[in-house]
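Along the sequence shown, residues are numbered consecutively beginning with 1. Every number for a ligand or one of its atoms is a count from 1 in the order of the listing.
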Amino acid sequence: MKHDPHDPVQAATAVDPYPYYARLRTERPWYFDERLSSWVAASADLVERALQHPDLLVRPPGQPVPPALQGTAAGAVFGRLARMNEGVPHAAARRALRTVLAAWQPAEARRLAAEQASAVWAARSADDAQALYRVPLLVMAQLLGVPDGDCPRVARQVEAFVACLSPLSGTAQLEAAQAAAAELSGCFDRGLGDWAPPQDPGLAREVFAANLVGLLSQTCDATAGLIGNTALALGRDATLCAEVQAGRQPLDGVVAEVARHDPSIQNTRRYAGRAVRLGAGVEMAAGEAVLVLLAAANRDPALHAQPERFDARRRQVGHDGFGSGRHRCPGSDLAAAMTCGAMAVLVQQPDRLCSAAAGFGKRPVYRPSVNARIPLLTL
Ligand code: HEM
């Protein structure tokens with residue numbers, strides 16, 4: 001087809017990747033992509049099997065840290081993140097996250113996000129979308145107890161740090177990421193934001209500090225994308241926007257449906273630690289990679305009734321945009337709460353949302369990424 005992406009990685013930032021995903025699901029739910037040198041899983045069933053399989057790992061065997069980051073401050077943080085670990089180290093890092101996340105109420109995150117979004121709105125700069133995308137990061141810094149005056153600096157450093165998580169980053173970005181990683185982990189290690197490491201003999205102090213940085217970096221792009229894609233969904237549908245504004249349609253339902261229907265994280269990767277068999281004819285040799293198409297699973301009719309339809313009252317069942325299995329996102333409630341808080345401010349200006357969506361329709365561009373879907377909106 002004329003507008004088909006070249007491959008499933010490019011699909012993440014394509015204008016409308018969903019017909020392409022639908023064809024993969026029906027025609028090639030499991031295949032080897034020569035361009036990507038990777039297997040691709042596109043049906044909800046295979047996506048689920050891949051995410052649940054104990055021998056499909058988040059990093060290539062023997063390479064806990066990407067070569068470009070080895071021996072650097074960013075590499076040290078990277079190697080300690082729950083997201084990048086398996087087995088015993090994963091359990092320790094996940095405990096660190098549970099400790100922190102258990103202390104926060106989604107309602108508080110929602111309130112703080114509304115406050116931050118109002119401040120951005122009141123300031124009205126030339127680059128409002130960028131500022132809005134920073135709202136979740138500022139909220140997360142506040143929740144971590146970073147003093148208000150330091151939050152913007154921490155947010156800028158996290159934005160620099162996340163460059164090291166993307167294979168699209170160049171040398172200059174990687175260098176900036178090193179400096180940011182050193183400063184951020186140093187700050188948290190010295191007790192920035194009054195987080196004493198928990199009394200847990202299995203949890204090293206530096207693992208705890210790295211995962212505090214991880215909470216901020218995981219928040220960054222994914223939640224920015226959810227805010228942007230929700231702004232688009234509401235800007236494109238004046239009736240829905242009016243219903244939300246009048247309080248007849250709760251924002252929670254809209255945000256949950258955007259997370260499924262047009263998710264900000266479109267895919268993830270796994271690597272076979274040993275030979276793996278996911279089903280008849282679905283096999284991987286040790287060391288091989290698989291690109292797991294979360295966004296294709298989200299619209300699989302085997303799981304969701306009329307999956308292409310946007311239905312803010314839908315009861316969400318599985319594959320909701322936040323992954324599955326042992327690495328499923330522990331921040332999903334928080335992310336939804338922050339997005340609702342920010343959107344509660346935006347829906348008060350439906351005309352602005354509508355013209356942002358119309359402008360995006362004329363020039364639909366997403367921020368370059370191999371897995372995140374963040375629209376470049378002019379709000
Ligand atoms: C809309 C926003 C978000 C989306 C769409 C999202 C999505 C995801 C997905 C799909 C995964 C699984 C990755 C994989 O299996 O390879 C994940 C993991 C993770 N997310 Fe999120 N996330 C969001 C926001 C957040 C926030 C706000 C936090 C922090 C509070 C967070 C923390 C994490 C962590 C720590 C992991 C790794 C967990 C582990 O490996 O055990 N995420 N996220």
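- Between Glu183 and Arg153, at least one side-chain N (NZ, or NE/NH1/NH2) sits under 4.0 Å from a carboxylate O, which counts as a salt bridge.
- Annotation: side-chain contact (heavy atoms from CB on, under 4.5 Å) contacts of Val58 (sequence neighbours excluded): Arg83, Glu86, Arg270, His327.
- A donor-acceptor pair shorter than 3.5 Å cannot be found between the side chains of Tyr271 and Gln63.
- Judged by distance alone, the side chains of His90 and Arg326 never bring a donor and an acceptor atom under 3.5 Å apart.
- Between Phe360 and Tyr366, the ring planes are perpendicular. Angles over 60° get that label, and only those under 30° would be called parallel.
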Starting from the N and O atoms of ligand 1, find every protein N or O within less than 3.5 Å and list the pair with its distance.
residue, atom, partner, partner atom, Å
ligand 1, 15 (O), Arg270, NH2, 2.7
ligand 1, 16 (O), Arg83, NH2, 3.2
ligand 1, 16 (O), Thr268, OG1, 2.6
ligand 1, 16 (O), Arg270, NH1, 2.9
ligand 1, 16 (O), Arg270, NH2, 3.3
ligand 1, 20 (N), Gln218, NE2, 3.0
ligand 1, 40 (O), Ala82, O, 3.4
ligand 1, 40 (O), His327, ND1, 2.5
ligand 1, 41 (O), His90, NE2, 2.7
ligand 1, 41 (O), Arg94, NH1, 2.4

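- In the model, Tyr133 has no side-chain atom that pairs as donor or acceptor with a side-chain atom of Asp221 under 3.5 Å.
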